[in-house]
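Report on one structure; see the data block that follows.
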Amino acid sequence: MAKKKGCLGCSLPVVIIVALVVLTSVVLGILAGPLGQKFGITGLPHWMSLELPEPKLPSDAIFHVFSVPVTNSMLATWITVIVLVLIAFFITRKPKLVPGRAQSAAESILGYIYNLCVNTAGEKDGRKFFPLVATIFLFVLFNALLALIPGFGSIHYHTHEGNVELLRAANTDLNTPLALALITFFTVEFMGFKRLGLGYLKKFITWGDFGRAIGKIFKGKFDVMALLSGFIMGIVGLLELVSELIRIVSLTFRLFGNMLAGEIILLVIAYVVPYFVPMVFYGLESFFAVIQALIFGILTIVYISLSVSSHSSEEHHKTA
């Protein structure tokens, strides 16, 4: 068999043409960007002019329903939900025994998340919590991926407050990661109480040994070590309660910070060297979107699994 010449199976003329297109894009991007302006390069066409990016933390209101503002990030969230529903509808409408590409991709993603849930929480609990974890994973992922489509952040809408962005990546609005974190938090606490009852509070209220040590003092038995260890166990329970609440903050700002930082990097790179170089960072941002969605999903199933099993495991060890 004759060997193909060129690069990656392409002929030499094709490689040269692709290289020239890439090089031309990079050069034009440098000339049109702040580097070209710094060196006094003028006379470029109007379509090559770039505006200085101005990232904003608060989302802009597009319109109001009664007195409730509807922001651009809320609109992006609704679009994400609609896209997910449509994808699920078309994939599951006529499932095939021998799946096509779309069905295979969906089954692979969901199968991976299912195995992750089962390996973390066991067969019974993993199957029960899989819908929640899969929903959070897909919602976070598609929120991030749809934000990479041209139009997010570039299409403007005129309001009485001026021109605002019509769409904004939902993950870069603090309210969306906070809402997901609260859903996870309340699910964890609900499942803990449902599985363990009021005994779930025992991991937070751990002053029993300290109280018994105080009781011994009134009986004339002063045990310094029992008093000290009881006090330490009480503090451990308080720390457990604080760590439970801190999860809301950590889940929220991990997702919000990473997604917002990624958006700012894309804006800066697209301004400094536009046209071609930002495409590389679009690929990296897609990879980070998968990682962040996976981290959020993993932490969700881990927190739920700990809430329904940690205390029962301790009781088992005590009675063993």
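Count residues from 1 along the sequence. What you see below is based on every heavy atom in this structure, not just the backbone, and it leaves out hydrogens, waters and symmetry mates.
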(message) With side-chain contact (heavy atoms from CB on, under 4.5 Å) as the criterion, how do Phe139 and Val81 come out once you've worked through the C-alpha distance, each side chain's angles and the decisive distance to 0.1 Å?
(response) CA-CA 7 Å; Phe139 181 74; Val81 173; 4.0 Å; yes
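- Of all the heavy atoms in Tyr303 and Thr184, the pair that sits closest is CD1-CG2, 4.5 Å.
- Of all the heavy atoms in Ser73 and Asp173, the pair that sits closest is OG-OD2, 2.5 Å.
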(request) Dump the intermediate steps for side-chain contact (heavy atoms from CB on, under 4.5 Å) on Gln292 and Arg254, then the final yes or no. (result) CA-CA 8 Å; Gln292 291 303 316; Arg254 180 185 292 108; 3.9 Å; yes
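- In Tyr114, the OH atom is crowded: over 12 heavy atoms of neighbouring residues, nucleotides or ligands sit closer than 6.0 Å.
- For the pair Ala181 and Phe296, the tightest heavy-atom approach, listed with the atom from each and the gap, is N-CZ, 3.8 Å.
- Counting heavy atoms of neighbouring residues, nucleotides and ligands inside a 6.0 Å radius, atom CZ of Arg93 exceeds 12 of them.
- For CZ of Phe204, the number of neighbouring non-hydrogen atoms (other residues, nucleotides, ligands) closer than 6.0 Å is greater than 12.
- In this structure Glu244 satisfies the salt bridge (Lys or Arg N to Asp or Glu O under 4.0 Å) test together with Lys203, Arg247, sequence neighbours excluded.
- Closest non-hydrogen pair, Ser67 versus His64, comes out as O-CD2, 4.1 Å.
- Between Ala170 and Pro177, the shortest heavy-atom distance links the atoms O-CD, 4.2 Å.
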(request) Test Thr71 against Ser59 for side-chain hydrogen bond (donor to acceptor under 3.5 Å, both in side chains), laying out the working first. (result) CA-CA 6 Å; Thr71 63; Ser59 298; 4.6 Å; no
